[in-house]
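Single-structure report; data block below.
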Amino acid sequence: MSKERTRTGAPRQSEGVRAFKRGLDVLHEVNRSGGIRAGDVARALDLPRPTVYRLLETLEELGYVARSASDDRFRVTRRALSLGDGYDPGVVICQVAAPYLAELSKNLVWPVDLSTYENAAMVVQETTHSRSPLSIDRGMIGKRLPMLRTSAGRAYLAACPVRERDLIVNHLRRIDEADDRPFLDEARLDRMIAEIAARGYAIRSEGEYNPKTASIAVPIVRNGVVFGCISIIWIRSALGIEEAVAQFAGQLQETASAIPVEV
């Protein structure tokens, strides 16, 4: 049977081939973006939204993408990333942690973030800001948090191996941001790291980074490897640090321990 051809004589693509190509285009756009909503995929590829929704649902059923529990963004999964040279641990950790964060946010009400280390900063990979009635900052996904002036950065530094911490601190010294300089004092930094390591969580409570809020963070650690940090953020005027520690620290630590991370 001869193939149907276009006016130029080229073989006409079957509907199945067109659908397959669209599916690959959608998967590529999700991978390229690092996290994207269906409507944004439709606009980027100039495809009808219903078509994109169907393709994303199919890719999700096949295990190649996963929808964020907090902001409806789609991200590629380990299965999709395994088609390449490796996988991004930030993508993996946010997939397994998302339901744990959602449950934690129900109990604590204040917004909760999951962040991972990337090039001298902690990057927010997952968050419940969009669903928390107490959030004052909804656009957190992808936000870079300074290492020395946030609880997530401090928790990571205190939990990571000494060699890695030294490399990060030296990198921060080379960057030499004015706001970081007080925290790079060697005695002050050593004291802060020791205190965090002793109690198992980090605190930001003195108006550094954001004067309106405070936060507590705990690391997600398995066999000496720090996969990321969970943070809870609240308005300083609404809650004192002692009360916040009593309410939040234990639950954050329990959640960090419960997240199923492969080493």
Requested in this report: For Asp25, enumerate each residue passing the side-chain hydrogen bond (donor to acceptor under 3.5 Å, both in side chains) test, keeping only those at least two apart in sequence or located in another chain.
Outcome: Lys21

Requested in this report: Would you check if Ser237 and Ile235 make a side-chain contact, meaning some heavy-atom pair closer than 4.5 Å?
Outcome: yes

Query raised in the report: Between atom CG of Leu114 and atom CZ of Phe227, what is the distance when rounded to the nearest 0.5 Å?
Result: 12.0 Å

Report task. Could you state whether Leu239 and Ile203 fall into the same hydrophobic cluster, counting links through intermediate Ile, Leu, Val, Met, Phe, Trp or Tyr residues with side-chain heavy atoms under 4.5 angstrom apart? Result -> yes

Report task. Go through Val30 and Leu56 one step at a time and tell me if the side chain to side chain contact (heavy atoms under 4.5 Å, CB included) criterion holds. Result -> CA-CA 9 Å; Val30 174; Leu56 285 169; 3.9 Å; yes

Query raised in the report: Are the side chain of Arg37 and the backbone of Gly39 linked by a donor-acceptor contact shorter than 3.5 Å?
Result: no

Requested in this report: Report the C-alpha separation of Glu254 and Tyr100 in whole Å, then their side-chain angles, then the decisive distance to 0.1 Å, and conclude whether the side chain to side chain donor-acceptor pair (under 3.5 Å) test is met.
Outcome: CA-CA 10 Å; Glu254 289 176 7; Tyr100 291 85; over 6 Å; no

Query raised in the report: Under 3.5 Å, is there a donor-acceptor pair between the side chain of Gln251 and the main chain of Gln247?
Result: yes

Report summary line: Rounded to the nearest 0.5 Å, the CD1 atom of Ile196 sits from the CZ atom of Arg191 at a distance of 12.0 Å

**Report entry** Hphob cluster co-occupancy, Val123 + Leu167, side-chain heavy atoms under 4.5 angstrom
**Finding:** no

Requested in this report: Flag the pair Gln125 / Ser115 as yes when at least one side-chain heavy-atom distance between them is below 4.5 Å, and no otherwise.
Outcome: no

**Report entry** Interatomic spacing from CH2 in Trp110 to CZ in Phe248 - rounded to 0.5 Å
**Finding:** 7.5 Å

Query raised in the report: Would you say Val112 and Ile259 are hydrophobically clustered, going by side-chain heavy atoms of ILVMFWY under 4.5 Å?
Result: yes

Report task. For residues Leu145 and Ala152, report the shortest heavy-atom separation together with the two atoms involved. Result -> CD1-CB, 4.5 Å

Query raised in the report: Looking at CD of Glu103 and CG of Leu108, how far apart are the two atoms once the value is rounded to the nearest 0.5 Å?
Result: 10.0 Å

Query raised in the report: Rounded to the nearest 0.5 Å, what separation is found between the NE2 atom of His171 and the CG atom of Asp166?
Result: 14.5 Å

Query raised in the report: Is there side-chain contact between Val226 and Ile220, with at least one heavy-atom pair below 4.5 Å?
Result: no

Query raised in the report: Between Leu27 and Tyr64, is any pair of side-chain heavy atoms under 4.5 Å apart?
Result: yes

Query raised in the report: Is there a donor-acceptor contact under 3.5 Å from the side chain of Arg236 to the main chain of Ile241?
Result: no

Query raised in the report: Considering only heavy atoms from C-beta outward, does the side chain of Val52 approach that of Leu45 to under 4.5 Å?
Result: no

Requested in this report: Would you mind checking if Arg154 and Glu195 are paired as a salt bridge, meaning a charged N to carboxylate O distance below 4.0 Å?
Outcome: no

Report task. Rounded to the nearest 0.5 Å, what's the gap from OG on Ser231 to CG on Leu101? Could you check? Result -> 9.5 Å

Query raised in the report: Is it true that Glu29 and Arg32 have a side-chain N and a carboxylate O under 4.0 angstrom from each other?
Result: yes

Query raised in the report: Between Ser151 and Ile216, is any pair of side-chain heavy atoms under 4.5 Å apart?
Result: no

Requested in this report: Please lay out, stage by stage, how Phe74 and Val26 fare under the test side chain to side chain contact (heavy atoms under 4.5 Å, CB included).
Outcome: CA-CA 10 Å; Phe74 287 87; Val26 168; over 6 Å; no

Report task. Decide side chain to side chain contact (heavy atoms under 4.5 Å, CB included) for Ile230 and Leu104; before the verdict, give the C-alpha distance in whole Å, the side-chain angles of both, and the deciding distance to 0.1 Å. Result -> CA-CA 10 Å; Ile230 303 174; Leu104 184 63; 4.2 Å; yes

Requested in this report: Indicate the atoms forming the closest heavy-atom contact of Ala159 with Val221, along with that distance.
Outcome: CB-CG2, 4.0 Å

**Report entry** Considering all heavy atoms, the nearest Gly200-Gln253 contact
**Finding:** O-NE2, 3.4 Å

Query raised in the report: Do Glu126 and Arg75 meet the salt-bridge criterion of a basic N to acidic O distance under 4.0 Å?
Result: yes

Report summary line: Between Ala155 and Cys229, the two heavy atoms sitting closest are CB-SG, 3.9 Å

Query raised in the report: Less than 4.0 Å between a side-chain N and a carboxylate O, is that true for Arg149 and Glu177?
Result: yes

Query raised in the report: Is a side-chain N or O of Glu208 found less than 3.5 angstrom from the main chain of Glu206, in a donor-acceptor match?
Result: yes

Report task. Keeping the roles fixed (side chain from Thr51, backbone from Leu47), state whether a donor-acceptor pair exists under 3.5 Å. Result -> no

Query raised in the report: Yes or no on side chain to side chain donor-acceptor pair (under 3.5 Å) for Asp113 and Thr127, after CA distance, side-chain angles and deciding distance?
Result: CA-CA 4 Å; Asp113 291 339; Thr127 184; 2.5 Å; yes

Query - Derivation and outcome, side chain to side chain donor-acceptor pair (under 3.5 Å), residues Ser215 and Arg204 - result: CA-CA 5 Å; Ser215 64; Arg204 173 181 63 83; 3.3 Å; yes

Query raised in the report: Does any non-hydrogen side-chain atom of Tyr156 lie less than 4.5 Å from one of Pro219?
Result: no

**Report entry** Met147 and Tyr117: CA distance, side-chain angles, deciding distance, side chain to side chain contact (heavy atoms under 4.5 Å, CB included) verdict
**Finding:** CA-CA 9 Å; Met147 297 299 295; Tyr117 176 76; 3.7 Å; yes

Requested in this report: Report yes or no: do Leu157 and Leu184 belong to one cluster of Ile/Leu/Val/Met/Phe/Trp/Tyr joined by side chain heavy-atom distances under 4.5 Å?
Outcome: yes

**Report entry** Val41-Leu62 co-clustered via ILVMFWY side chain contacts under 4.5 Å
**Finding:** yes

Requested in this report: Keeping the roles fixed (side chain from Arg144, backbone from Ala120), state whether a donor-acceptor pair exists under 3.5 Å.
Outcome: no

